[in-house]
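Comments concern the structure below.
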Amino acid sequence: MEFNIPEVLAEVTAAHDHYEAALMRNDVDVLNELFWTNDLTLRYGIDENLYGHDAIAEFRAARDLSDVVRTTGPVIVTTYGHDYGTANLEFYRESMGDGTGRQSQSWVRMREGWRIVAAHVSVIRK
């Protein structure tokens with residue numbers, strides 16, 4: 001298996017960056033589009049476990065917008081072959097104090113493009 005094939009790495013990085021920009025704008029349509037539309041999709045959040053695209057979309061629709069903006073730290077994107085990649089980053093919000101957020105995404109190339117099939121968000125409290 002090949003890792004970080006340059007063109008695949010660029011594609012997953014662009015998909016991740018598109019997601020991050022949509023997150024900062026709270027562009028729910030784009031966020032929902034970038035998650036695989038399937039009951040097998042999951043997102044483990046800070047205070048919620050979401051199983052299936054519908055549950056993730058419902059969470060997005062009800063999200064508190066007062067604490068959307070964040071600053072990101074290191075972003076690590078790794079690809080495995082031509083059709084799978086991961087994106088991991090650290091993030092910080094004023095409301096977290098000195099806590100550090102972590103986000104992990106698993107991306108798979110689907111017919112419709114790159115989609116998140118699993119995501120995890122957590123916070124380390126100091």
Side-chain angles (χ1 to χ4, degrees):
M1 174 176 289
E2 295 178 73
F3 304 96
N4 288 344
I5 299 166
E7 60 271 16
V8 179
L9 182 61
E11 290 173 7
V12 175
T13 300
H16 170 267
D17 291 349
H18 185 52
Y19 175 90
E20 190 65 26
L23 186 65
M24 293 302 94
R25 295 187 314 270
N26 195 45
D27 188 335
V28 174
D29 291 337
V30 171
L31 296 171
N32 288 338
E33 174 188 317
L34 292 175
F35 273 87
W36 182 36
T37 305
N38 194 285
D39 289 342
L40 297 175
T41 304
L42 65 89
R43 180 186 178 277
Y44 292 151
I46 295 171
D47 295 316
E48 66 285 336
N49 294 332
L50 305 170
Y51 299 96
H53 188 275
D54 290 347
I56 296 166
E58 287 173 19
F59 168 80
R60 291 275 178 230
R63 185 173 182 203
D64 177 8
L65 302 181
S66 66
D67 198 23
V68 173
V69 176
R70 67 186 188 174
T71 303
T72 58
V75 178
I76 308 295
V77 177
T78 307
T79 62
Y80 307 83
H82 291 273
D83 300 318
Y84 180 77
T86 59
N88 296 276
L89 66 79
E90 293 179 19
F91 67 88
Y92 314 92
R93 286 195 174 104
E94 281 190 37
S95 64
M96 294 171 24
D98 62 353
T100 300
R102 300 174 295 177
Q103 173 182 294
S104 300
Q105 299 169 332
S106 296
W107 291 83
V108 175
R109 183 193 307 271
M110 304 291 185
R111 277 181 270 131
E112 60 272 18
W114 287 97
R115 296 296 182 261
I116 300 165
V117 297
H120 177 251
V121 181
S122 59
V123 175
I124 301 172
R125 303 281 183 199
K126 297 179 183 179

Hey, mind stepping through H16 and V75 against side-chain contact (heavy atoms from CB on, under 4.5 Å) and telling me if it holds?
-> CA-CA 10 Å; H16 170 267; V75 178; 3.7 Å; yes
How long is the span from the [atom1] atom in [X] to the [atom2] atom in [Y], to the nearest 0.5 Å?
X: L89; Y: Q105; atom1: CG; atom2: CD; result: 7.0 Å
X: T72; Y: D17; atom1: OG1; atom2: CG; result: 9.0 Å
X: Y19; Y: L34; atom1: OH; atom2: CG; result: 8.5 Å

So [Y] and [X], do their side chains get closer than 4.5 Å, heavy atoms only?
X: E11; Y: W107; value: no
X: R115; Y: F35; value: no
X: V8; Y: H82; value: yes
X: V123; Y: M96; value: yes
X: K126; Y: T100; value: yes
X: H18; Y: V30; value: yes
X: V28; Y: N26; value: yes

Sidechain-backbone polar pair: [X] side chain, [Y] backbone, donor-acceptor under 3.5 Å:
X: T13; Y: L9; value: yes
X: R102; Y: N88; value: no
X: H120; Y: R43; value: no

Minimum heavy-atom separation for [X] to [Y], with atom names?
X: I5; Y: G81; value: CD1-O, 3.6 Å
X: G85; Y: Y80; value: CA-CD1, 4.2 Å
X: F91; Y: R93; value: CE1-NH1, 3.6 Å
X: N4; Y: V77; value: OD1-O, 4.0 Å

Test of understanding: clusters of I, L, V, M, F, W, Y form through side-chain heavy atoms closer than 4.5 Å, transitively. Do [X] and [Y] belong to the same one?
X: I46; Y: Y92; result: no
X: M24; Y: V121; result: yes
X: L42; Y: W36; result: no
X: L23; Y: F59; result: yes

Does CG belonging to D39 count more than 12 external heavy atoms closer than 6.0 Å?
->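 Open: at most 12 neighbouring heavy atoms sit under 6.0 Å from CG of D39.
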Taking atom CD of E94 as the centre, report whether more than 12 heavy atoms of other residues, nucleotides or ligands fall under 6.0 Å from it.
->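 Counting other residues, nucleotides and ligands, CD of E94 stays at 12 neighbours or fewer.
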Pairing residues for V108 by the side chain to side chain contact (heavy atoms under 4.5 Å, CB included) criterion, not counting sequence neighbours =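 Y84, M110, V117.
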List the steps, then state whether side-chain contact (heavy atoms from CB on, under 4.5 Å) holds for V12 with R109.
-> CA-CA 9 Å; V12 175; R109 183 193 307 271; over 6 Å; no
Yes or no on side-chain contact (heavy atoms from CB on, under 4.5 Å) for T41 and I56, after CA distance, side-chain angles and deciding distance?
-> CA-CA 9 Å; T41 304; I56 296 166; 3.7 Å; yes
Salt-bridged, E20 to R70, with N to O below 4.0 Å?
->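 Salt bridge: yes.
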Show the numbers, then the answer: is there a side-chain contact (heavy atoms from CB on, under 4.5 Å) between N32 and R60?
-> CA-CA 8 Å; N32 288 338; R60 291 275 178 230; 3.8 Å; yes
